[in-house]
Number of protein chains: 2
Amino acid sequence: MSSIQNIDIKNIQEELRKFLEHTKKCLPHISIYTVIFSFNNDNLNVLLLRFGDTQYFSLPGGFVLKNEKIDDASLRILKKRTDLSKLYIEQFTTTGNVENPNEDIYNETLKKMGIVLPDNNLMNQRRISICYYSLIDAAKVNPKGNDFFVSEVKWRSVQKLPELMYDHKLIIEKAISKLQLDMDRKLVSYNLMNETFTMGELQKLYEAVFQREFTRTNFQRKMLSLNILERLDKKYSGESHKAPYLYRFKNIQ
Amino acid sequence: MSSIQNIDIKNIQEELRKFLEHTKKCLPHISIYTVIFSFNNDNLNVLLLRFGDTQYFSLPGGFVLKNEKIDDASLRILKKRTDLSKLYIEQFTTTGNVENPNEDIYNETLKKMGIVLPDNNLMNQRRISICYYSLIDAAKVNPKGNDFFVSEVKWRSVQKLPELMYDHKLIIEKAISKLQLDMDRKLVSYNLMNETFTMGELQKLYEAVFQREFTRTNFQRKMLSLNILERLDKKYSGESHKAPYLYRFKNIQ
DNA sequence: TCAAAAGTGTTTATTATACACCCATGG
DNA sequence: CCATGGGTGTATAATAAACACTTTTGA
């Protein structure tokens, strides 16, 4: 992942040209943002893009093609960032305030990069943002950033988020709330896990999402009582304690 | 509430002119729909607009002004239909498919009414719809319809909905799901009730929303245990049975 | 005094929580 | 044989569901 110093200007101008070409095919005033969650190192992480040479990050986003369903637009943006298709997505809010916080940072940074966007470009117009979250297995993904203003693509723990552009802090908070709700009511957690896992690993995921601890013994019983887990062989890690069973979610096609 | 036969043509053309003027000030490709709920005759009702002289109804909706927050747009549309301000609203989904079901009915009806909308009008473009629901006390409202294509404004029970335009059936179903979720998790039901009510009336509301029956005695205990109700005087209805207490929600400013 | 609806009490089942206990593992 | 983490059992508390019983009201 390159820092902004390494981005060569010709490349930026070429990317800019492509971007302008692309936005001509999109609906104005409407953007999509995706909060991409993964679980790693006992943390719930979000994929963020560093904005130019600033300390600010933003969510991966994009526009909706004139003939594209909004869910498909979200999947297309995810594919672009992760190379993964058929991801689990969930729409959770649409934001549409008029003010655009950090507009100054946006303008200055583009100026510094020698980027001039036409006034009538989608980026310079008022935008309403349709927000999705997506759950992915961090092991399967190789995040990419190829927008002209992206200098770095990074997983960041929701515990210690960097400064965020626009209203993206609020969007991430809403995404976490919706994820908690969904994990309470339906089977989505498997999207964040490896195919097999120990009960301890699953508990760590729940603790990262709900930001609280669960009693180990009761968590185990609760999960098993749902009848969604299949018990496999034990996992010998080489550590000096009883080897835990591996589990797999049943009925995942 | 007039049927379409009674709408005089001059009036329609005048309304149309105003409408076209208005849409010029709005964002393209974005519409707002509001599912307005009320509780009446033991039914959960939705405010619907009859479309021209057809059997089809649609939800009240509108567009977002170029300098207007989307929540404010929703409130403005509600004010227009109900004359009420500061209503409780909750955004629950944004739909954005490309196909537009019932477009034929839409076109034929306008033609029959002698209405010609310019091709570039917002109504003739692909639209993404931000959907809100609102809860109102039916006693306080006098529904109005003054769009050129509205021939009737009606409360309809969610139990027996008429044929609906576009994807409005689905939108109403999603609204009911979100309402159920919200009633489970926070105090919103007071928006649908008169200031004072009996426990039986409150139970009827819950039964209408959740489409199931509750055991009377347990329902009463549950509600009282929440500590949100204030018990007032008894209500003597003149019927030959014990008079129920009236209740009021506490802490409603 | 009766039917109808409201209010209260009690019993039982279900679920959540806490924690004691034993088991396997490698050093 | 010990520390560590994993698995199971049990006791208790909180909540939900079912239903019996009493009260009030007007006819």
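Just so it is clear, the structure is predicted and the values come from calculations on it, not from any experiment. Letters A, B, ... mirror the listed sequences (proteins, then strands); counts begin at 1.
- Nearest nucleotide to the B:Arg231 side chain, out of C:dG7, C:dA24, D:dT25: C:dG7.
- Judged by closest nucleotide on DNA chain D, A:Ser240 is the one of A:Met199 and A:Ser240 placed further toward the 5' end.
- A:Tyr247 has its OH atom 8 Å from the C1' atom of D:dG7, to the nearest Å.
- Nucleotide C:dT15 holds its P atom 18 Å from the CZ atom of A:Phe219, rounded to whole Å.
- A:Phe214 places its CZ atom 20 Å from the P atom of D:dG5, with the value rounded to the nearest Å.
- When the side-chain nitrogen and oxygen atoms of A:Tyr245 are compared with OP1 and OP2 of D:dG7, none of them lie within a distance under 4.0 Å.
- Of the residues listed (B:Ile130, B:Leu179, B:Ile171), the one engaging B:Phe92 in a side-chain contact (heavy atoms from CB on, under 4.5 Å) is B:Ile171, and it is the only one.
- Within the 4.0 angstrom heavy-atom criterion, only backbone atoms of the sugar-phosphate kind lie near A:Gly238; the bases stay farther away.
- In this structure, A:Arg221 fails the cation-pi test against A:Phe219, since its NZ or CZ atom is not both closer than 6.0 Å to the six-membered ring centre and inside 45 degrees of the ring normal.
- OP1 or OP2 of D:dT8 sits under 4.0 Å from a side-chain N or O of A:Gln220.
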**OP:** Encode nucleotides 11-20 of chain D as B, S and - characters from 5' to 3', where the letter depends on protein heavy atoms closer than 4.0 Å: B to the base, S only to sugar-phosphate, - to neither.
**Re:** -----SBBBB

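- The distance from atom CD of A:Gln203 to atom C1' of D:dG6 is 11 Å, rounded to the nearest whole Å.
- The distance from atom NZ of A:Lys235 to atom P of D:dG5 is 14 Å, rounded to the nearest whole Å.
- Close placement of the A:Phe149 and A:Phe51 rings is indicated, their centers lying within 6.0 Å of each other.
- What separates NZ of A:Lys242 from P of C:dC21 is a distance of 17 Å, to the nearest Å.
- For the pair A:Arg231 and A:Tyr245, the cation-pi criterion (under 6.0 Å, within 45° of the ring axis) is fulfilled.
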Original post:
Could you walk me through whether B:Lys186 and B:Glu90 pass the salt bridge (Lys or Arg N to Asp or Glu O under 4.0 Å) check?
Top reply: CA-CA 12 Å; B:Lys186 48 189 181 181; B:Glu90 196 77 44; 3.5 Å; yes

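- Cation-pi check for B:Arg156 over B:Phe57 is met; the charged atom lies under 6.0 angstrom from the ring centroid and within 45 degrees of its normal.
- One atom, CD of B:Glu239, and another, P of C:dA5, lie 8 Å apart when rounded to the nearest Å.
- For the side-chain hydrogen bond (donor to acceptor under 3.5 Å, both in side chains) with A:Ser157, the lone residue among A:Asp42, A:Asn43, A:Asn41 that qualifies is A:Asn43.
- As a whole-Å value, the separation of A:Tyr236 OH from D:dG5 P is 18 Å.
- Taking only side-chain atoms of A:His241, from C-beta outward, the nucleotide of C:dG7, C:dA24, D:dT24 with the closest atom is C:dA24.
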